Amino acid sequence: MKALPTSHDPGLLVGFNTSDDACVYKLREDLALIQTVDFFTPIVDDPFQFGQIAAANSLSDIYAMGATPNIALNILCVPSCMPPEDIAAIVAGGATKVQEAGGVIAGGHSVIDPEPKYGLCVSACVDPREIWSNASACPGDVLVLTKPLGNGILATAAKKDLITQTEFGQAITSMATLNKYARDAAIKTRVHACTDITGFGFIGHASEMAEASDCTLVFNAKDIPLLDGAYELAARDIIPGGARRNAEYLSPKVSFADGVINPLRMILFDPQTSGGLLLTVPEADVYVLMSNLAKAGVQAAVIGDVRPQGQFPIEIL
């Protein structure tokens with residue numbers, strides 16, 4: 001693994017400079033603190049499911065650093081008119097995911113706000129020598145993705161009543177699934193780099209990894225897993241505004257083969273909520289990794305490889 005980036009503060013092992021998923025501060029040679037915070041507005045109507053998804057999304061940053069969450073604090077914004085039972089359901093949903101993660105909610109803060117928002121501030125303790133970073137991908141590594149893409153598109157379609165709740169259910173299940181199981185399977189192999197796929201979209205988070213690692217990530221479009229119906233909806237131009245903003249900003253960073261047509265391109269720009277982990281591992285470790293992920297019930301896919309730095313951070317073939 002490459003040396004982790006540093007800053008002017010010798011204790012800050014990971015900060016702003018690599019756009020990593022969480023900050024890491026070294027407390028002593030064998031102990032570091034990882035900290036992250038995330039919250040957002042409801043992506044589903046059910047308050048309990050919203051709490052679960054928001055918590056899973058917040059916890060994901062810790063898993064992307066290769067660690068296990070220890071302590072979480074609630075962040076809650078609610079309108080004064082919201083029924084108390086809905087507020088309780090949001091917090092209860094989050095608590096189930098923190099408990100599933102093996103952590104504990106130790107408090108939090110709430111405010112009155114016109115629009116509901118929920119998330120967590122999460123901390124974890126880890127040996128600094130065992131931290132994953134997005135800045136350590138190596139040419140020759142194989143790229144593995146642990147969740148299918150397209151939940152932003154399906155959420156947009158659900159809000160417009162263009163799909164049924166049953167059709168949206170696969171995305172809800174995916175978003176509420178902790179990346180704990182992918183992380184626990186992956187730590188048994190040599191992970192060189194990792195990030196999770198969230199609001200910046202697949203290409204956004206992959207490009208951050210490529211630029212931080214001074215390399216190019218090459219993906220095979222046909223191997224990238226998609227949620228059922230996402231491609232068909234994208235072909236109908238059912239695209240969230242965040243995907244269009246991601247595309248506008250990120251297009252100069254990516255080279256698409258001619259055969260990768262617009263619906264798939266937009267899915268790759270689609271902002272994900274509680275998406276999967278993007279891992280790079282040595283080719284020799286891929287079989288063991290995929291076997292471990294399958295045993296853990298994670299439907300992962302090998303989707304590309306890492307190459308020396310080229311003209312673009314990302315190439316989609």
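Computed from a prediction, not measured in an experiment: that's the story for all the values here.
Side-chain contact between Leu250 and Phe200 is present, with at least one heavy-atom pair separated by less than 4.5 Å. Val302 has its side chain out of reach of Asp223: every pair of non-hydrogen atoms, C-beta onward, lies at least 4.5 Å apart. Residues Ile62 and Thr68 fail the side-chain proximity criterion, which asks for heavy atoms closer than 4.5 Å. Counting heavy atoms from C-beta on, the side chains of Ile239 and Ile153 come closer than 4.5 Å. Two residues are said to be in side-chain contact when any heavy atoms from C-beta on lie closer than 4.5 Å; Ile303 and Leu278 meet this criterion. Contact check for Thr146 versus Leu279: side-chain heavy atoms found under the 4.5 Å cut-off. A heavy-atom distance below 4.5 Å is not found between the side chains of Phe50 and Asp45. Side chains of Thr216 and Pro139 form no contact here, defined as non-hydrogen atoms less than 4.5 Å apart.
Remark: Asp285 pairs with Arg190 by the salt bridge (Lys or Arg N to Asp or Glu O under 4.0 Å) rule, at least two apart or across chains. By the salt bridge (Lys or Arg N to Asp or Glu O under 4.0 Å) test, Arg236 pairs with no residue at all, sequence neighbours left out. Looking at residues two or more places apart in sequence or on another chain, you find a salt bridge (Lys or Arg N to Asp or Glu O under 4.0 Å) between Asp184 and Lys180. In this view, Asp46 and Phe48, Gln49 satisfy the side-chain contact (heavy atoms from CB on, under 4.5 Å) rule, not counting sequence neighbours.
Hydrophobic clustering of Ile, Leu, Val, Met, Phe, Trp and Tyr side chains at less than 4.5 Å, counting indirect connections, keeps Ile316 apart from Val218. Side-chain heavy atoms closer than 4.5 Å link hydrophobic residues (I, L, V, M, F, W, Y) into clusters, and following such links, possibly through other members, connects Met82 to Ile53. A single hydrophobic cluster is seen to contain both Leu154 and Leu226, as judged by linkage of ILVMFWY side chains at heavy-atom distances under 4.5 Å, directly or through other members.
Listed here is the closest heavy atom pair of Ile87 and Leu76: CG2-CD2, 3.8 Å. Taking each heavy atom of Ala210 and Ile314 in turn, the nearest pair found is CB-CD1, 4.4 Å. Minimum interatomic distance between Ala182 and Leu277 (heavy atoms only, all atoms of both residues): CB-CD1, 4.0 Å. Among all heavy-atom pairs drawn from Ala101 and Tyr63, the shortest one is CB-OH, 3.1 Å. Ile224 approaches Leu268 most closely through the heavy-atom pair CD1-CD2, 3.8 Å. Shortest non-hydrogen contact noted between Val191 and Ala186 is CG2-O, 3.5 Å.
From Leu227, atom CG reaches atom NZ of Lys147 across 10.0 Å, with rounding to the nearest 0.5 Å. Atom CD of Gln170 is separated from atom CE of Met175 by 10.0 Å, given to the nearest 0.5 angstrom. Leu59 CG to Asn57 CG: the interatomic distance, rounded to the nearest 0.5 Å, is 9.0 Å. A distance of 12.0 Å separates CH2 in Trp132 from NE2 in His192, rounded to the nearest 0.5 Å. The distance from the CG atom of Asp61 to the CD1 atom of Ile34 is 10.0 Å, given to the nearest 0.5 Å. Considering CG of Leu33 and NZ of Lys26, their distance stands at 14.0 Å, rounded to 0.5 Å.
Residue pairs satisfying the ring-ring contact (aromatic ring centres under 6.0 Å, His included) criterion with at least one member in residues 215-241, sequence neighbours excluded, are listed as follows: Phe202-Phe219. Within the structure, salt bridge (Lys or Arg N to Asp or Glu O under 4.0 Å) pairs that include any residue of residues 302-317 comprise Asp305-Arg307 (at least two apart or interchain). Pairs engaging residues 75-100 under the side chain to side chain donor-acceptor pair (under 3.5 Å) rule: Gln52-Thr96, Lys97-Glu100, Glu100-Tyr181 [sequence neighbours left out]. Within the structure, side chain to side chain donor-acceptor pair (under 3.5 Å) contacts touching residues 245-269 (residues at least two apart or in different chains) are Glu211-Lys253. Screening residues 267-282 for side chain to side chain donor-acceptor pair (under 3.5 Å), with sequence neighbours left out, gives Asp141-Thr280, Asn151-Gln272, Asp270-Gln272.
Residue Ile75 is found in a hydrophobic cluster whose other members, listed by chain and number, are Val37, Phe39; membership requires side-chain heavy atoms under 4.5 Å apart, directly or through intermediates.
In this structure, Ser213 contributes its side chain and Cys215 its backbone to no donor-acceptor pair below 3.5 Å. For the pair Ser136 (side chain) and Ser133 (backbone), a donor-acceptor distance under 3.5 Å is absent. Under the 3.5 Å distance criterion, the side-chain polar atoms of Thr177 are matched with a main-chain donor or acceptor of Thr173.
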If you look only at distance, which donor and acceptor atoms sit under 3.5 Å apart when one is on a side chain in residues 287-299 and the other is two or more places apart or in another chain?
{"from": "Asn292", "atom 1": "ND2", "to": "Val288", "atom 2": "O", "distance (Å)": "3.4"}

For residues 111-125, dump all side-chain donor-acceptor pairs below 3.5 Å to protein atoms at least two apart in sequence or in another chain.
{"from": "Asp113", "atom 1": "OD1", "to": "Glu115", "atom 2": "N", "distance (Å)": "3.0"}
{"from": "Asp113", "atom 1": "OD1", "to": "Lys117", "atom 2": "NZ", "distance (Å)": "2.7"}
{"from": "Lys117", "atom 1": "NZ", "to": "Glu115", "atom 2": "O", "distance (Å)": "3.3"}
{"from": "Tyr118", "atom 1": "OH", "to": "Asn74", "atom 2": "OD1", "distance (Å)": "2.6"}
{"from": "Ser123", "atom 1": "OG", "to": "Gln35", "atom 2": "NE2", "distance (Å)": "3.3"}

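For Ile71, the CD1 atom sits in a loose shell: 12 or fewer heavy atoms of surrounding residues, nucleotides or ligands are nearer than 6.0 Å.
Ion pairing between a basic and an acidic side chain is recognised when a charged N comes within 4.0 Å of a carboxylate O; Arg244 and Asp237 show such pairing.
No donor-acceptor contact under 3.5 angstrom links the side chains of Asn134 and Thr195, judged on distance only.
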